[in-house]
Amino acid sequence: MALAQAWSVALFGMDGRMVEIEADIGKGASKMVIVGLPDAALNEAKDRVHAAVRNSNEDWPKQQITVALSPAAVRKNGSGYDLALACVILAAARAVPTDLVRTTVMIGELALDGRIREVRGILPCLLAARRAGVKRAVVPASALSEAALVTGMDVFGAAELKSVLDWLRGQEDALEMPSPQEAPVAEDLPDLADVVGQPEARWALEVAAAGGHHLLLVGPPGTGKTMLARRLPSLLPPLTHEQSLEVTAVHSVAGLLKPEAPLITTPPFFAPHHTTSVSALVGGGVGLAKPGGISRAHRGVVFLDEACEFAPDRLESLRTAMEEGEIRLARRDGVVCYPARFQLVLATNPCPCAPPRETECSCPPNARRRYFAKLSGPFMDRVDLRVRMRPLTAMSTVDGAEPEKTDEVRARVWRARERARQRWAEHRWTTNAEVPGPSLWREFALPRKATALLDRGLHSGALTGRGADRCLRVAWTLADLAGVERPEADHVAAALEFRDRRAA
């Protein structure tokens, strides 16, 4: 009887869990059995591994092979266990030494000719292995640049099974080593100076960027709503290393990473069409849910153009994520949680006919009400800034002041963000939009004189408790942009004006 042990990682959403793979070669007819709740893709690994080993000029054991995946009660999904299965079976057959097999995490899918194919989620898998204390990993060569983002581990890349077996037998140069990481190339983002006029909307965009607030732009077609929204990412600061790993891990699970630039350092931007499904927006799928667009836009911007054309269930599905910064999805095989701390920008026309000027609108009042009814009260209560954009009266700026460029606005936004970061550093909040309401009213309470307008709005019913919290967050952002220590009554009044329902 021969027994060997290897390691791989099971991925459940963003969470990796170490899987111990044991292979036993005993008496009996030549066949292979996998136990430990494998799914269909993993059960098919028996044929893939057999063919890959044979086509790598290795002898396949002619006795019964029993492979156990532990923990046995956890369902195992996908084809990423193929490489570990091949190595542990050959180690049990004493075709390769067992020392490296027992202490190395192996991830990769095998082709029938022995090539090692890339699988999704390499980055979160290796982060889980590092937390478990594993110091060495072998991954597909095509995913080596992604795997190299995990520090504190020796990571090797392999293009074929034969190279891994040579390495296990002592040939140290059989596997590829990570190459030095190149500095990411800065993206060429559009400039804010391209937007003509709209001073109120430009100011609201600056406030949204400085505090991480959600924004609604309402106005006739052609006034610059989409242009403004697409320039928001250029105002945001680059992601920190920790944030970059979070965003990159989501894109790794979704299979969207580029080998030439695996680390995402700039805030992502996601702009779905209004016909998108709920699953595409927030995540879904059979078995375990896959990440949706809002998770891929984590630490970035989600832009819904023509927001009133989206079906109400699409918009309502965003409510929890807008409040909590994450999305929990329950499916047949369990509940997964994906990060989804994004800035939402909505753009919409004031009515279905959308004339250049509102005085020319031909829509009956009930049609306008139905059009905006898709933006429900609870949904709009989570939108901090609402701006009504005006029709353009002139396109030329020759005789007028030049619009501010992105660099000038970005400098103010970054200064405001740094003030907020230092203030909330003890609590690990990075923007004003992340601060919980109770902290705003207790630990960082403002004088009664500054919040009198909020008390009046709550008393009259014009403002909800959530709305009052969000007004305070915007007031802190306005104070940061003004360079003052604490918000004053004028900042609270300006924040309340941004929530004016007439703007929507």
Donor on one side chain, acceptor on other, [X] and [Y], under 3.5 Å:
X: Ser376; Y: Glu316; answer: yes
X: Thr226; Y: Asp305; answer: yes
X: Glu323; Y: Thr320; answer: no
X: Thr104; Y: Arg136; answer: yes
X: Asp173; Y: Trp167; answer: no

Mind checking the CZ-CG spacing from Arg169 to Asp166? Nearest 0.5 Å is all I need.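 Going from the CZ atom of Arg169 to the CG atom of Asp166 covers 6.5 Å.
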Roughly how far, to the nearest 0.5 Å, is CG of Asp469 from CZ of Arg382?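 It comes to 12.0 Å.
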Residue that, paired with Ser79, satisfies side chain to side chain donor-acceptor pair (under 3.5 Å) out of Glu44, Arg117, Arg48, Glu109: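 Among Glu44, Arg117, Arg48, Glu109, the one that satisfies the side chain to side chain donor-acceptor pair (under 3.5 Å) with Ser79 is Glu109.
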Ignoring hydrogens and geometry, is there a side-chain-to-backbone donor-acceptor pair from [X] to [Y] under 3.5 Å?
X: Asp82; Y: Gly108; result: no
X: Trp414; Y: Leu235; result: yes
X: Asp39; Y: Gly78; result: yes
X: His274; Y: Glu306; result: no
X: Ser8; Y: Met106; result: yes
X: Lys76; Y: Gly36; result: yes
X: Arg473; Y: Leu440; result: no
X: Arg231; Y: Met227; result: yes
X: Lys374; Y: Cys308; result: yes
X: Gln343; Y: His213; result: yes

Angle class for the His427/Phe444 ring planes (parallel below 30°, perpendicular above 60°, tilted otherwise)?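 Because their plane-to-plane angle is over 60°, the rings of His427 and Phe444 count as perpendicular.
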Decide yes or no for [X] and [Y]: does some side-chain heavy atom of the first lie under 4.5 Å from some side-chain heavy atom of the second?
X: Val96; Y: Cys87; result: no
X: Val19; Y: Trp7; result: no
X: Leu144; Y: Glu176; result: yes
X: Met18; Y: Val9; result: yes
X: Leu236; Y: Arg417; result: yes
X: Leu149; Y: Pro262; result: yes

Can you confirm if the NZ or CZ of Arg319 lies within 45° of the ring axis of Phe379 and under 6.0 Å from the centre of its six-membered ring?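 No.
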Please step through salt bridge (Lys or Arg N to Asp or Glu O under 4.0 Å) for the pair Arg410 and Asp407, ending with a clear verdict. CA-CA 5 Å; Arg410 185 195 294 130; Asp407 293 342; 2.8 Å; yes
Run Glu326 and Arg328 through salt bridge (Lys or Arg N to Asp or Glu O under 4.0 Å) and show every step you take. CA-CA 7 Å; Glu326 62 182 21; Arg328 290 178 297 277; 2.9 Å; yes
Partner of Phe310 under side chain to side chain contact (heavy atoms under 4.5 Å, CB included), chosen from Thr348, Thr275, Leu315: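 Testing each of Thr348, Thr275, Leu315 against Phe310, the sole residue satisfying side chain to side chain contact (heavy atoms under 4.5 Å, CB included) is Leu315.
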